Structures are given as C-alpha cells and as structure tokens.
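Everything numeric in this text was worked out from a predicted model, so none of it was measured.
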Amino acid sequence: MIDFISHEVKFIALYILYFNSISTDTSASMDEFDLELDEMELVAAAAGYYYYNSITRQPCHSLSPSGSGFMTEVLNGHDDVCREMFRMDKHVFHKLCDTLRQRGMLRDTAGVMIEEQLAIFLNIIGHNERNRVIQERFQHSGETISRHFNNVLKAIKSLSREFLQPPPLSTPPEILRNNRFYPYFKDCIGVIDGMHIPAHVPAKDQSRFRNRKGILSQNVLAACTFDLQFIFVYPGWEGSVADSRVLRAVLDDPDQNFPNIPEGKYYLVDSGYSNIEGFIAPYQGVRYHLHEYRGANQLPRSAKELFNHRHAFLRNAIQRSFDVLKARFPILKLAPQYAFHIQRDIVIAACVIHNHIRREERNDWLFTGVEGRTVEEFPDYDDQPDMQMTTSIQEQIASSLRDSIAAAMWSDFINKWDEW
C-alpha cells in the first residue's frame, strides 16, 4: 500500500509540472479550464500527500479508556496469544495489574489504562521491540510509549523487595525428596552464579565492559532457590569483572542487603568462586560439568567425582532459571539502546516478573519446559577462584564440610549401590 501511494503522489506531481510547463502556450480561451484543472490538481495532490503521511508517519491515537483494539484482541483471544504477546497467562497478567493498581504504583490515565501500560512494557522487553513498532501496535505517540515504559519499569522495580525474598531455612523439597541429595545437601539453601547480559555503553567505557569472550556485557550476580525463584539480583557490574569479585563486593557492602546466611547453611557455587564458609564450590582438578559424565566413563571413580556430579546437578537450577528468564524476555539476549541505568533496571524488573509468574502459575509453559532436564553448561572463562576472598578459617570450615558430605555419599554409593 505504501509503495502504491508513493507512486500516486509522484504521478500527481508530474501531472502538475506538465500542465505548468505548457500553460504559457495555451490560448486565453483556455484560462478558465486551466484554473479549474489547477484547483483539482492541488486538491488531489494534497489529499494524496495527507493520506500517505497519515498511514506511514503518524499513528492514530485512541482515547478509549479500554485501550487499543490490540488489547481487546489479546485479552479476549486465545490463551496462546496472551502468552506470546504478554509473556504470561491472562490471570497472571491481571493479577500483576491488580497489584500495581492496589499499591498505587501505577494509575489509570484518560487514554491508557494500567493494563495497557503494562502490556506496552511487556511487549518491549518480551520482544525487544523498538518504540516505532510499539507506537503502531498500541496506536500511541512515541512520547506516550516512552513515558509508560519508564513508569512501569520504576513500579515493577519497586516490588523487588517483596518478590525477591530470602530462601526458607528448612531443607528444600527438591533435596528432601531425592535420595541422591538427601541428607547430604540438607543444609543447602540455594545457588549463586553470575550471568552476562549484553550491554550498550559509550565508547569510553567499552574496555571495562568487554568480557573475556570479547563481548560488551554487564555481569549480574544472582542467587536462586531450587524452585527456580530468584532470591537476590545485583546487576550493573562491568563484564570484565570476575564473578567472585562481584560476590565479595556484595558481601562487604551491607547496603546491598544480601540475605544473611545462618550458621551451618550454605549456597552452591561453581569453581569460579572460592570454597569458603557459606559457599560450597566443587573440587578443583576433578571433572565437574555434567557432559563430562557421559559415555563409557560415566560412573564416578572417587568420592570427589561423585560429589562434583551431584553438586553440578543441583547447581543446574540457576542455569535453568537463567534459561527461562532469557527465553521469556529476549531483550536480555541483546544490547538494548537505553541508558545503562535503564538496562540495569530491566534485569531487576525481569526477575521480579519471573518470580511473580512462578508463584501464580505453576504450569507456566516456560517453567514446565525445563522441568526434569538439565541445561547444558560448559566450563566458563571465569572458572578460576579469587584467592583474595578466602581466609584460612573460612576455608577450613568449608573444606571440612565438603569432605564429610563427599565421604558420606561415597560410602552409601559403594555399599548400597544407590542411584548416582
């Protein structure tokens, strides 16, 4: 249609130029006829230009309080449409809207209800769409889209303290119900790891944000439960910074509000972190990643290998959490063209929504897609522990605990031939 209109306008313009070029050669008897044609040509050209401009440059604005036709199509359509466009089921979407409305974090405006404001935000982070595309989809101006995006981002970020909660201190059900992990990991309360998110930063900052793979990224420290809910998220670190250094900075800064770790409890971490009290890492120099236990040599040959295999299997929970998060919000796979503080806040908001969905819909299609399977993980470029983080007492406590767990599970494995 756009090409057709464009050719129409060009034809009218040529038509006018042609008649203007021959007007000096016409007789006086044609004056009235020329005047009539000039008026018709100008009207036709103006109409063609106005129509062309209106459909290609200016979105129509809907003042209906119920939002655009797009909202009606999604919320009254098939459930799969809502999942695709809003990245969650309808009742989960409405529950989040109700929460934002009841807490006074967002308010309905004359032209855009809270439901549409949230939908705009979810369309952007759930499809990594540009402002122009969202304008056409929701029939609002670019300024309106940007304003509501920022308002919703701020509102959802403010829910982080409520939705990112410390883990229960009781043994997680995922451990308690599995004799491969219980009673050995009965005091484990979660998993910690770093996640690199592509970043868009000014040229002067790019050397600091370039990670060891050569990609500009922000390093995000995250902790999650075995139920795949995020406990703690700390985005914004430069991609060149090692995971262990980020964790040390968080633990050294009380303002970061990292959940207190009760005595005897601990998180699982990978070999990029030191094995210290509260953070149990795998044995160094022993095969660890799950793909290393396949094929002819799949059975563990020592207590350390058995420990590492089960450690890796449990720690895979955070990889599945990252997988679900990035699959739901593809904006986290690319470097969005926003100011860096906005990129950082998007990560927090995505994790809040992730937890909201997990609580409200246990059968969410993305979560069920990772149940009962492991996400493939290969050795990271950040797999050397930061020795500055360790102290002799902390190391001794953690090493003693790790050795006792490994010995207990190896004894049971050898004597009972339990599944490994």
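Between Phe340 and Asp205, every side-chain heavy-atom pair lies at or beyond the 4.5 Å cut-off. Between His196 and Ile215 the shortest side-chain heavy-atom distance does not fall below 4.5 Å. No side-chain heavy atom of Glu116 sits under 4.5 Å from any side-chain heavy atom of His148. Between Leu221 and Leu247, some side-chain heavy-atom pair lies under the 4.5 Å cut-off. Leu401 is listed as a side-chain neighbour of Tyr266, based on a closest heavy-atom distance under 4.5 Å. At a threshold of 4.5 Å between non-hydrogen side-chain atoms, the residues Arg362 and Asp227 count as touching. The shortest distance between side-chain heavy atoms of Phe185 and Phe226 does not fall below 4.5 Å. Taking the side chain as every heavy atom from C-beta outward, Thr225 and Pro172 never approach each other to under 4.5 Å.
Salt-bridge annotation for Arg245 and Glu238: absent, with no side-chain N of the basic residue lying under 4.0 Å from a carboxylate O of the acidic one. A salt bridge links Arg137 with Glu129: the distance from a Lys NZ or Arg NE/NH1/NH2 to an Asp or Glu carboxylate oxygen falls below 4.0 Å. Comment: Asp323 does not engage Arg320 in a salt bridge, judged by the lack of any side-chain N to carboxylate O separation of less than 4.0 angstrom.
A pairwise comparison of heavy atoms in Ala223 and Ile192 identifies CB-CG1, 3.7 Å as the closest pair. Between Asp270 and Ala281, the closest heavy-atom pair is O-CB, 3.8 Å. Listed here is the closest heavy atom pair of Ile189 and Pro167: O-CB, 3.5 Å. When every heavy atom of Leu153 is checked against every heavy atom of Ala349, the shortest pair comes out as CD1-CB, 3.8 Å. Shown here for Gly272 and Ser244, the closest heavy-atom pair between the two residues is O-CB, 3.4 Å. Smallest separation of non-hydrogen atoms from Phe307 and Met409: CA-SD, 3.7 Å.
The line from OG1 of Thr144 to CD1 of Ile134 is 13.5 Å long, rounded to the nearest 0.5 Å. To the nearest 0.5 Å, atoms CZ (Phe413) and CD (Glu305) are separated by 10.5 Å. A distance of 8.0 Å separates CZ in Arg315 from CD1 in Ile318, rounded to the nearest 0.5 Å. Interatomic distance, OG of Ser240 versus CZ of Phe209, reported as 8.0 Å (0.5 Å rounding). Note: Cys188 SG to Ile280 CD1 = 9.0 Å, rounded to the nearest 0.5 Å. Note that OG1 of Thr171 is 5.5 Å distant from NZ of Lys265, once rounded to the nearest 0.5 Å.
A distance-only check finds no donor-acceptor pair linking the side chain of Ser400 to the backbone of Gln396 [under 3.5 Å]. Of the possible polar contacts, none joining the Asn128 side chain to the Pro330 backbone as a donor-acceptor pair under 3.5 Å is found. Not a single donor-acceptor pair under 3.5 Å links the side chain of Gln218 to the backbone N or O of Pro198. Listed for the Asn150 side chain is a donor-acceptor partner under 3.5 Å among the backbone atoms of Ser146. The backbone N or O of Arg161 lies less than 3.5 Å from a partner atom in the side chain of Gln165, making a donor-acceptor pair. A donor-acceptor contact shorter than 3.5 Å is absent between the side chain of Ser274 and the backbone of Ile276. Without hydrogens or angle criteria, Asn415 side chain to Ser411 main chain gives a donor-acceptor distance under 3.5 Å. Using a distance-only test at 3.5 Å, with no hydrogens or angles considered, a donor-acceptor pair links the side chain of Asn123 to the main chain of Met85. Looking only at distances, a side-chain donor or acceptor of Lys90 sits under 3.5 Å from a matching main-chain atom of Gly77. Checked by atom type and distance alone, the side chain of Arg310 pairs as donor or acceptor with a backbone atom of Arg180 at under 3.5 Å.
For the pair Arg87 and Phe329, the cation-pi test (distance below 6.0 Å, angle within 45°) is failed. The cationic group of Arg358 lies under 6.0 Å from the six-membered ring centre of Phe367 and within 45° of the ring axis, placing it in a cation-pi geometry. A cation-pi contact links Arg402 to Tyr283, judged by a cut-off of 6.0 Å to the six-membered ring centre and 45° from its axis. With a 6.0 Å cutoff to the six-membered ring centre and a 45° limit on the axis angle, Arg328 counts as a cation-pi contact of Trp365.
Side-chain contact check for Gln229 and Arg359: at least one donor-acceptor pair (N or O, by modelled atom type) lies under 3.5 Å. A donor and an acceptor atom, one from each side chain of Thr368 and Asp364, are nowhere located under 3.5 Å apart. Judged purely by distance below 3.5 Å, without hydrogens or angles, the side chains of Gln319 and Asp193 pair a donor atom with an acceptor atom. With 3.5 Å as the limit, one finds a donor-acceptor pair spanning the side chains of Asn211 and Ser217. Residues Glu361 and His91 bring a donor and an acceptor atom of their side chains to less than 3.5 Å of each other.
In this structure, Arg130 places its CZ atom where only 12 or fewer heavy-atom neighbours from other residues, nucleotides or ligands lie under 6.0 Å away. Residue Glu371 places its CD atom among more than 12 non-hydrogen atoms of other residues, nucleotides or ligands, all under 6.0 Å distant.
Between Phe232 and Tyr267, the gap from one ring centroid to the other reaches at least 6.0 Å. With ring centers used as reference points, Phe279 lies 6.0 Å or more from Tyr273. Not less than 6.0 angstrom separates the ring centroid of Phe258 from the ring centroid of Tyr234.
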*Which is it for Leu159 and Arg103 under the side chain to side chain contact (heavy atoms under 4.5 Å, CB included) test, yes or no, and what are the steps along the way?*
CA-CA 10 Å; Leu159 291 172; Arg103 308 283 175 82; 3.8 Å; yes

*Let me see the working for Ile353 and Ile357 under side chain to side chain contact (heavy atoms under 4.5 Å, CB included), right down to the final yes or no.*
CA-CA 6 Å; Ile353 298 172; Ile357 295 171; 3.8 Å; yes

_What verdict does the salt bridge (charged side-chain N to carboxylate O under 4.0 Å, His left out) test give for Lys154 and Asp345, after you've listed the backbone C-alpha separation in whole Å, the side-chain angles of each residue and the deciding distance to 0.1 Å?_
CA-CA 8 Å; Lys154 180 180 178 181; Asp345 290 349; over 6 Å; no

*Give the C-alpha distance, both sets of side-chain angles, the deciding distance and a yes or no for side chain to side chain contact (heavy atoms under 4.5 Å, CB included) between Arg287 and Arg301.*
CA-CA 10 Å; Arg287 58 176 174 159; Arg301 297 181 294 256; 3.8 Å; yes

*Taking it one step at a time, do Met88 and Arg83 satisfy side chain to side chain contact (heavy atoms under 4.5 Å, CB included)?*
CA-CA 5 Å; Met88 63 185 72; Arg83 294 186 189 112; over 6 Å; no

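By the 30° and 60° cut-offs, the orientation of the rings of His356 relative to Phe163 is perpendicular. Using cut-offs of 30° and 60° on the angle between ring planes, the pair Phe149 and Tyr338 is parallel.
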